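Heads up: the structure comes next, in structure tokens.
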Amino acid sequence: MNRRTTALATALGAAALLLAGCTGTGGTTKAEDAKAPTDPATVSGTITVLTQRTDLVADGTMDRYAAAFNRTYPKVKVKFQALTTYESEVKIRMNTDNYGDVLLIPGVVKKSDYPKFFASLGTRAERSKKYRFTDFTTVGGKVYGQSPIGVMPGFVYNKRVWKQAGVSRWPTTPAEFLADLKAIRQKTGAIPYYTNFAAQWPLTSWTFVNGSVHCDTGATTELAHGNPWAQGADLRVGDTLLYDIVHQGLAEKDPTTTNWEASKGQLAQGKIATQWLGTWAIIQFQDAAKKADVNPDDIGFMPFPAQVGGKFCAVVGPDYNQAVNIHSKHKEAARAWIDWFTDNSGYDKDNLAISPLKNAPLPVVLKPYEDAGVKLIELDDTDGAKVKLIDSESEVGINTPDYRQKLVDLARGVGSGSLDDFLTGLGTKWTEAEKRVGS
């Protein structure tokens, strides 16, 4: 499983109870710091690093990173555990103290509970001078995780297929986007849009429409104090577009048979035209094009079809955040890995991703965004913890695939009811939970 941020695997009921109530041993631990090493030569220990990048472990890439790391930290041995269904497996492991030394913070963990499970990396005041995205893991002024890359949601698409359909510019509204997909259906042999329904986690990427529609840096705050599915709200706009794509027959015929790995090559070859994913996916689709002996330059990336003041807007946010297990016996070595991997590994460049370092330039692959004057924004995550709490209390699951699988099923005629009733129901559950949670 090689995915963005926050795109999550299917929740397991028993494990969900763990993190909802923090009943595991991690929930009783006092906050601790994982201090940055001052002398690499003295740092030692064997650390286990959990990752969702099964592909990079399988092809030896992660071992090559570890070898480079050892040139600076020769006494630290790094072991990798690649988990195919990362969220599900880690949630279960977090019922014990044994969830690696370095791990990616699961989306289901309440932000307010970070100090119970992870060691602090330092204060936000200090880390925000150098790094992006510090708000996303800050609790009580301390930072508990760091993403090695920044990502933006968007449509990965085959430029050749879109051009073949007669589309030469990015659509600026959902209606234009649907019209373009219809042109692709009529004029090419490609599937206009691919949901990746069976893989589940790609559907959660639609949550990251939030902020782009109205170019609103306060979009997370609005989730905490309003109805995400009110008329005109970002999530309603995004979910309506997904529904319309499927309902109008512009997606694959049977979503239950989709295949994430196969879809990369199919899009590269022009059998699929479009998928909503994120910048993290670009290099994977380009690699698939090379393997299929087709032009990797055919892989394009476009923003959500909405403009404010005649300009597109795209939200830049963190991928999975790496954290130090508060129970790790080698916190200094674990912290060393996170710092090195973020600052010196080149992982961001290798993935054509946005660097978390504030002084780094944008990757070349995003030059079309610069040329088009796409405005890049970061969301204020001050109310991020409350949003997670409301989401948990409401059982909507904006970062799990369940409700959008139901949305897709509704759109393709499996299930009953209208789109408006469905979205109104989500909004009711959310706002009622909002009242219970309070301020």
Side-chain angles (χ1 to χ4, degrees), residues 152-199 202-203 205-206 209 238-307 312 314 352 365-369 371-372 374 404 407-408 411-413:
M152 287 190 300
F155 289 102
V156 179
Y157 71 108
N158 188 300
K159 293 186 286 187
R160 175 174 51 80
V161 172
W162 277 66
K163 185 176 180 180
Q164 185 182 344
V167 183
S168 58
R169 64 181 182 86
W170 292 338
T172 60
T173 66
E176 285 183 14
F177 185 84
L178 290 168
D180 292 343
L181 293 189
K182 289 176 182 176
I184 290 168
R185 181 181 61 188
Q186 294 167 358
K187 299 178 182 180
T188 77
I191 297 170
Y193 183 82
Y194 199 73
T195 67
N196 259 310
F197 179 98
L203 290 172
S205 296
W206 282 88
V209 165
D239 286 339
T240 298
L241 178 56
L242 175 59
Y243 175 92
D244 287 342
I245 289 169
V246 177
H247 190 63
Q248 295 179 25
L250 302 172
E252 67 280 349
K253 290 183 179 179
D254 185 358
T256 65
T257 63
T258 58
N259 184 303
W260 158 244
E261 290 296 338
S263 75
K264 301 176 192 178
Q266 290 169 340
L267 189 141
Q269 295 171 65
K271 297 177 182 178
I272 294 170
T274 324
Q275 296 191 51
W276 174 259
L277 293 165
T279 47
W280 59 268
I282 297 172
I283 192 168
Q284 295 186 36
F285 283 75
Q286 289 183 339
D287 287 345
K290 294 172 185 176
K291 290 176 183 176
D293 199 26
V294 294
N295 188 359
D297 291 338
D298 285 342
I299 305 301
F301 193 75
M302 74 172 78
F304 188 83
Q307 291 190 326
F312 291 103
L352 304 178
V365 73
L366 291 179
K367 190 176 187 306
Y369 271 48
D371 294 343
V374 178
R404 286 200 182 88
L407 177 68
V408 170
R412 67 191 183 99

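Bear in mind that the values here come from a model prediction, so they are computed numbers and not experimental data.
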Is it true that a side-chain atom of [X] and a backbone atom of [Y] form a donor plus acceptor pair closer than 3.5 Å?
{"X": "Y194", "Y": "N259", "result": "yes"}
{"X": "R160", "Y": "Q269", "result": "yes"}
{"X": "Y193", "Y": "W276", "result": "yes"}
{"X": "K159", "Y": "D297", "result": "yes"}
{"X": "N158", "Y": "V161", "result": "yes"}

Between atom [atom1] of [X] and atom [atom2] of [Y], what is the distance when rounded to the nearest 0.5 Å?
{"X": "L203", "Y": "F197", "atom1": "CG", "atom2": "CZ", "result": "7.0 Å"}
{"X": "T274", "Y": "M302", "atom1": "OG1", "atom2": "CE", "result": "6.0 Å"}
{"X": "F285", "Y": "I272", "atom1": "CZ", "atom2": "CD1", "result": "7.5 Å"}
{"X": "E176", "Y": "Q307", "atom1": "CD", "atom2": "CD", "result": "8.5 Å"}
{"X": "T195", "Y": "L242", "atom1": "OG1", "atom2": "CG", "result": "7.5 Å"}
{"X": "L267", "Y": "I299", "atom1": "CG", "atom2": "CD1", "result": "5.0 Å"}

* To do: Anything under 30° is parallel, anything over 60° is perpendicular, the rest tilted; go ahead and classify W170 against F312.
  => perpendicular

* Closest approach of L241 to P305 (non-hydrogen atoms, all atoms of both residues) -> CD2-CG, 4.1 Å

Do [X] and [Y] make a side-chain contact, defined as non-hydrogen atoms from C-beta onward lying under 4.5 Å apart?
{"X": "V156", "Y": "K264", "value": "no"}
{"X": "P303", "Y": "Y369", "value": "yes"}
{"X": "S263", "Y": "Q275", "value": "yes"}
{"X": "D298", "Y": "Y157", "value": "no"}
{"X": "P174", "Y": "D244", "value": "no"}
{"X": "Q286", "Y": "L352", "value": "yes"}

* Hey, mind stepping through L366 and M152 against side-chain contact (heavy atoms from CB on, under 4.5 Å) and telling me if it holds? -> CA-CA 10 Å; L366 291 179; M152 287 190 300; 3.5 Å; yes

* To do: Ignoring hydrogens and angles, state whether a donor on the side chain of E252 or T258 is under 3.5 Å from an acceptor on the partner side chain.
  => no

* To do: Check whether more than 12 heavy atoms from other residues, nucleotides or ligands sit under 6.0 Å from atom CG of D293, and answer yes or no.
  => no

* Worked check of side-chain contact (heavy atoms from CB on, under 4.5 Å) between L250 and L178 -> CA-CA 8 Å; L250 302 172; L178 290 168; 4.0 Å; yes

